[in-house]
Amino acid sequence: MQMRVGKWALAAAALILTAAPLGAQQAPTVTVGGVGYAQWNYNLSGTQHLNAFDVTRTYININAKFSGGVSTRATSDIYRNADGSLAYRLKYGYVAYQPEGRPTTFKLGLVQTPWVSREEDLWEYRMQGPIALDRNKIMTSADFGLSADTRIGDRLELNAAVVNGEGYSKSEGDQRKDFQLRASYRLASSDDTGPYGGLRVSGYAGLGRPTGGGVRDRFIGMLSYRTRQYTVAAEYVSTADSSTATPTPKTTGSLVSAFALYHLPSSKVTLLGRVDLYDPNTDASDDKSTRVIGGASYQLSPNLRLLADVDLLSHEAGDPEVAVDPRQQFLFQAQFSF
């Protein structure tokens, strides 16, 4: 009897010791925040000169950090639908793991694609509208898949992903996947020691196949220089697309985008400008478009930024006169965070 009691006591003690670390686990750190974009826009072209207030986007972010290098993120996206209504969808939803002491992070779920979010952070003014790649539907900012990003030394950053390829607003149609890789190398330092500071050369390759077969390839090269006072950047994008499901021959396209930001010394004012030159089919004529953006922003508070700008779009083939024409716009915009 004493032997049996001893065995049970040892088993209970072992169970308690095994369970103790679980009970002592640190509670997750959860943060909730968001950002929204409100605007007033006046169409300078067209016959009706649309005059409208709007909230173009609102994001709600829920982030959680757990012990052992595990974290999660869920971001909801409230946006203006094609029919004019406000709709809700998931923008990001993933679990991340960073091994202790390592510069590498793995993500699984609805993740950021390697390029778009990084260029948005360098541009700083997503409030004005999407970057040229996203605006011309060349690339999406999020997709379902697996990604890994890492640093090698203090100069080279790499980000690779395997994703469905259809973007966060569509489900996968077949077994095909896209492979995406971004590399960024700092050639020289500046007084901006952040992840975008200094003189950097960045490259991207995206190789994919659309649902049903075909080609979906993207290649990007960018040179950027950032200090605390100003940012200048220019990129060249080459695209190749075809479809087997709905037979479409292979077409190649190009995009050149350049932008600059200048923070006025001892001021909360920033001047900005951007030019996008897009040619969706380099073998066709009269299909090129040019977008020019220019304006000034004012950082009213850490949570509120105001922007007045013009957004002027022109087409090589000319533009028909229509009642509501959003090609030429004056905008007063606000970015608010909470």
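In this text the structure is predicted, and so the values were computed from the model without any measurement.
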With clusters defined by side-chain heavy atoms of hydrophobic residues (ILVMFWY) lying less than 4.5 Å apart, directly or transitively, does [Y] cluster with [X]?
X: Y37; Y: L272; value: yes
X: V35; Y: L86; value: no
X: F53; Y: L331; value: no
X: L223; Y: Y262; value: yes
X: V163; Y: I220; value: no

What I want to check is whether the side chains of [X] and [Y] have a donor and an acceptor closer together than 3.5 Å.
X: S202; Y: S184; answer: yes
X: T270; Y: H263; answer: yes
X: Q329; Y: D311; answer: no
X: D121; Y: Y196; answer: yes
X: D54; Y: W40; answer: no
X: S141; Y: S117; answer: no

What I want to find out is whether [X] reaches [Y] closely enough, with some N-O distance under 4.0 Å, to be called a salt bridge.
X: D283; Y: K250; result: no
X: R226; Y: E124; result: yes
X: E166; Y: R176; result: no
X: R186; Y: D154; result: yes
X: D143; Y: K170; result: no
X: E157; Y: R118; result: yes
X: D217; Y: R209; result: yes

Exercise. Would you sort out whether S257 and D276 count as a side-chain hydrogen bond (donor to acceptor under 3.5 Å, both in side chains), showing the intermediate values?
Key: CA-CA 4 Å; S257 182; D276 304 332; 2.7 Å; yes
So do the side chains of [X] and [Y] get within less than 4.5 Å of each other, counting heavy atoms only?
X: E119; Y: E235; answer: yes
X: S224; Y: V232; answer: no
X: T47; Y: V322; answer: no
X: N43; Y: P326; answer: yes
X: L133; Y: L255; answer: yes
X: F66; Y: T72; answer: yes
X: T75; Y: I60; answer: no
X: D279; Y: D287; answer: yes

Do [X] side-chain atoms and [Y] backbone N/O form a donor-acceptor pair below 3.5 Å?
X: T231; Y: L261; answer: no
X: D325; Y: R327; answer: yes
X: D77; Y: L90; answer: no
X: N81; Y: D83; answer: no
X: T113; Y: T140; answer: yes
X: Q180; Y: A161; answer: no
X: R200; Y: G197; answer: yes
X: T227; Y: D192; answer: no
X: S242; Y: V215; answer: yes

Could you report the tightest heavy-atom contact between [X] and [Y], atom names first, then the distance?
X: I131; Y: R274; result: CA-NH1, 3.8 Å
X: P130; Y: R135; result: CD-NH2, 3.7 Å
X: S254; Y: Y236; result: CB-OH, 3.6 Å
X: N159; Y: P114; result: OD1-CA, 3.3 Å
X: M222; Y: L122; result: SD-CD2, 3.9 Å
X: Y278; Y: N136; result: CD2-OD1, 3.3 Å

Exercise. Check the pair T252 / T282 against side-chain hydrogen bond (donor to acceptor under 3.5 Å, both in side chains), numbers first and verdict last.
Key: CA-CA 6 Å; T252 59; T282 55; 2.8 Å; yes
Self-check item: Trace of the salt bridge (charged side-chain N to carboxylate O under 4.0 Å, His left out) decision for D178 with R216
Solution: CA-CA 8 Å; D178 285 18; R216 180 170 52 216; 3.0 Å; yes
Practice problem: For the pair Y225 and Y230, evaluate side chain to side chain contact (heavy atoms under 4.5 Å, CB included) and give the outcome as yes or no after the intermediate values. | Solution: CA-CA 8 Å; Y225 185 65; Y230 64 89; 3.3 Å; yes
Practice problem: Using the side chain to side chain contact (heavy atoms under 4.5 Å, CB included) rule, take I293 and Q128 through it: C-alpha gap first, then chi angles, then the decisive distance, then the call. | Solution: CA-CA 9 Å; I293 298 170; Q128 196 284 328; 3.3 Å; yes
Side-chain donor-acceptor pairs under 3.5 Å in residues 94-107, sequence neighbours left out?
| from | atom 1 | to | atom 2 | distance (Å) |
| --- | --- | --- | --- | --- |
| Q98 | NE2 | R102 | O | 2.8 |
| T104 | OG1 | T150 | OG1 | 2.8 |
| K107 | NZ | Q112 | OE1 | 3.2 |

Self-check item: Ring-face cation of R305 near Y125 (centre distance under 6.0 Å, axis angle within 45°)
Solution: yes
Quiz prompt | Six-ring centre of Y168, K91 cation under 6.0 angstrom, axis tolerance 45° | solution = yes
Practice problem: Let me know which of R57, Q333, Q335 forms a side-chain hydrogen bond (donor to acceptor under 3.5 Å, both in side chains) with Q39. | Solution: Q333
How long is the straight-line distance from [atom2] of [Y] back to [atom1] of [X], given to the nearest 0.5 Å?
X: L207; Y: L181; atom1: CG; atom2: CG; value: 9.5 Å
X: T56; Y: I78; atom1: OG1; atom2: CD1; value: 12.0 Å
X: K65; Y: R73; atom1: NZ; atom2: CZ; value: 12.0 Å

Quiz item: When the ring centroid of W123 is compared with that of F259, is the distance short of 6.0 Å?
Solution: yes
Practice problem: Answer yes or no: does atom CZ of R89 have more than 12 heavy-atom neighbours from other residues, nucleotides or ligands under 6.0 Å? | Solution: yes
Exercise. Check the pair T290, L313 against side chain to side chain contact (heavy atoms under 4.5 Å, CB included), reporting the backbone distance first and the verdict last.
Key: CA-CA 6 Å; T290 301; L313 177 65; over 6 Å; no
Exercise. Would you please test L156 and R151 for side chain to side chain contact (heavy atoms under 4.5 Å, CB included) and show each step?
Key: CA-CA 6 Å; L156 179 62; R151 296 188 312 275; over 6 Å; no
